[in-house]
Amino acid sequence: MAHHSLDKLDKKILGFIARDARIPFLEVARACNVSGAAIHQRIQKLTSLGILKGSEFILDPEKIGYETCAYIGLYLKNPEQFDEVVDALRKIPEVVECHYTTGGFDMFIKIYARNNHHLLTIIHDKLQPLGLSRSETIVSFNAVINRQLPVDDIPVDDEDDDDIED
């Protein structure tokens with residue numbers, strides 16, 4: 001994977017928008033002592049490089065009736081069907097993440113269910129028909145840490161940044 005060099009202004013912008021994705025660009029511009037157009041251009045650059053993946057409103061699953069969060073390790077009968085299984089998992093709305101992993105699992109997914117009965121239904125009716133030899137389910141009681149990577153620890157390219165205030 002390609003890594004991109006960030007300068008102090010990029011890092012400062014990322015700090016502001018990571019804390020509040022709805023912060024007005026002009027407010028960021030004033031805090032960084034640059035023009036609004038410069039902030040807009042930097043945001044576009046960070047987006048086109050794939051550093052920023054957009055902004056979104058984050059739903060609280062529990063508040064909308066999804067009280068069970070589970071992580072499931074999947075073992076496929078035929079690992080060569082990995083791509084087909086991933087395509088099928090994309091069609092199951094309760095599956096919110098799917099990862100390639102090391103270890104014994106062929107893949108590892110995160111799902112939300114309304115309750116334990118709904119979780120059982122998803123596993124039995126939606127996952128088992130995908131060609132699983134077996135699965136291992138871990139139910140999460142509560143996420144006690146859920147955060148982005150810290151912007152302060154991002155390395156910067158120090159060239160040509162002497163005019164930016166910290």
Side-chain angles (χ1 to χ4, degrees), residues 1-74 82-102 105-114 118-119 122 126-127 130 137-161 163-166:
M1 289 187 192
H3 298 274
H4 301 283
S5 270
L6 301 177
D7 62 22
K8 289 180 184 176
L9 179 57
D10 292 330
K11 185 175 173 178
K12 196 165 187 179
I13 292 167
L14 289 172
F16 281 107
I17 64 175
R19 285 187 295 275
D20 179 6
R22 294 171 31 155
I23 189 170
F25 285 179
L26 284 177
E27 190 174 326
V28 176
R30 280 189 218 103
C32 294
N33 200 26
V34 297
S35 71
I39 297 300
H40 184 72
Q41 289 171 345
R42 291 294 183 114
I43 295 288
Q44 291 298 103
K45 177 189 86 167
L46 293 167
T47 301
S48 68
L49 290 173
I51 294 168
L52 287 176
K53 293 185 175 187
S55 58
E56 60 189 15
F57 288 101
I58 299 170
L59 302 175
D60 182 333
E62 194 171 340
K63 300 263 196 274
I64 59 171
Y66 287 80
E67 296 180 0
T68 301
C69 173
Y71 296 88
I72 305 176
L74 304 178
F82 188 90
D83 291 336
E84 292 86 359
V85 173
V86 171
D87 289 341
L89 288 171
R90 290 183 204 283
K91 296 174 185 168
I92 302 171
E94 295 89 352
V95 175
V96 296
E97 293 181 25
C98 179
H99 299 267
Y100 293 100
T101 62
T102 61
F105 303 127
D106 291 309
M107 60 185 72
F108 197 71
I109 63 172
K110 178 179 179 181
I111 68 172
Y112 285 102
R114 291 186 297 276
H118 184 218
L119 175 61
I122 294 167
K126 296 181 179 182
L127 297 180
L130 300 180
T137 303
I138 301 166
V139 173
S140 169
F141 292 128
N142 188 19
V144 293
I145 298 174
N146 186 1
R147 62 182 172 208
Q148 299 260 5
L149 286 171
V151 173
D152 293 342
D153 294 342
I154 298 172
V156 296
D157 180 6
D158 290 328
E159 295 178 22
D160 301 323
D161 288 329
D163 58 332
I164 300 169
E165 297 177 13
D166 285 325

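Both backbone and side-chain heavy atoms feed into the values below; hydrogens, waters and symmetry mates do not.
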Q) Where do His40 and Gln44 land on the side chain to side chain contact (heavy atoms under 4.5 Å, CB included) test, with the steps shown first? A) CA-CA 6 Å; His40 184 72; Gln44 291 298 103; 4.0 Å; yes
**Q.** Test log, rule side chain to side chain contact (heavy atoms under 4.5 Å, CB included), inputs Val139 and Leu119
**A.** CA-CA 10 Å; Val139 173; Leu119 175 61; 4.0 Å; yes
(Q) Could you walk me through whether Thr137 and Tyr71 satisfy the side chain to side chain contact (heavy atoms under 4.5 Å, CB included) test, starting with their C-alpha distance in whole Å, then the side-chain angles of each, then the deciding distance to 0.1 Å, before giving a yes or no? (A) CA-CA 6 Å; Thr137 303; Tyr71 296 88; over 6 Å; no
Q) How far apart are the C-alpha atoms of Arg90 and Ile92, what are their side-chain angles, what is the distance that settles it, and do they pass the side chain to side chain contact (heavy atoms under 4.5 Å, CB included) test? A) CA-CA 6 Å; Arg90 290 183 204 283; Ile92 302 171; over 6 Å; no
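The salt bridge (charged side-chain N to carboxylate O under 4.0 Å, His left out) search around Lys11 returns none, not counting sequence neighbours. Scored by the ring-ring contact (aromatic ring centres under 6.0 Å, His included) test, Phe105 finds Tyr75, Phe108 as partners (sequence neighbours excluded). When the ring-ring contact (aromatic ring centres under 6.0 Å, His included) test is applied to Tyr100, the partners found at least two apart in sequence or on another chain are Phe82. Residues meeting the side-chain contact (heavy atoms from CB on, under 4.5 Å) test with Glu56, sequence neighbours left out: Ile58.
Between Leu46 atom CG and Lys53 atom NZ the span is 14.0 Å, to the nearest 0.5 Å. Note that the CG atom of Leu14 and the CD1 atom of Ile43 stand 7.0 Å from one another [nearest 0.5 Å]. Here the CG atom belonging to Leu130 is positioned 8.5 Å from the CE atom belonging to Met107, to the nearest 0.5 angstrom. How far CG of Leu52 is from NZ of Lys45: 10.5 Å, rounded to the nearest 0.5 Å. Between the CD atom of Glu94 and the CD1 atom of Ile109 there is a distance of 10.0 Å, given to the nearest 0.5 Å.
Contact record, Lys12 with Ala31: NZ-O, 3.4 Å, taken as the closest heavy-atom pair.
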Output a table of donor-acceptor pairs, distance under 3.5 Å, between side-chain atoms of residues 16-26 and any protein atom two or more places apart or on a different chain; print 'none' if there are none.
| from | atom 1 | to | atom 2 | distance (Å) |
| --- | --- | --- | --- | --- |
| Arg19 | NH1 | Gly15 | O | 3.2 |
| Asp20 | OD1 | Arg22 | N | 3.0 |

What pairs of donor and acceptor atoms, side-chain ones from residues 60-69 against any protein atom, are under 3.5 angstrom apart with sequence neighbours left out?
| from | atom 1 | to | atom 2 | distance (Å) |
| --- | --- | --- | --- | --- |
| Asp60 | OD1 | Glu62 | N | 3.1 |
| Thr68 | OG1 | Asn116 | OD1 | 3.4 |

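Side-chain atoms of Lys110 and Val95, non-hydrogen and from C-beta on, never get closer than 4.5 Å to each other. Inter-residue side-chain proximity for Val96 and Ile111 is flagged as unmet; no heavy-atom pair is nearer than 4.5 Å. With a 4.5 Å cut-off on side-chain heavy atoms, Gln41 and Ile39 do not count as touching. A 4.5 Å side-chain heavy-atom check between Asp106 and Val85 finds every atom pair outside the cut-off.
In this structure, Glu97 places its CD atom where more than 12 heavy-atom neighbours from other residues, nucleotides or ligands lie under 6.0 Å away.
Side-chain atoms of Asp10 come within 3.5 Å of backbone N or O of Asp7 as a donor-acceptor pair.
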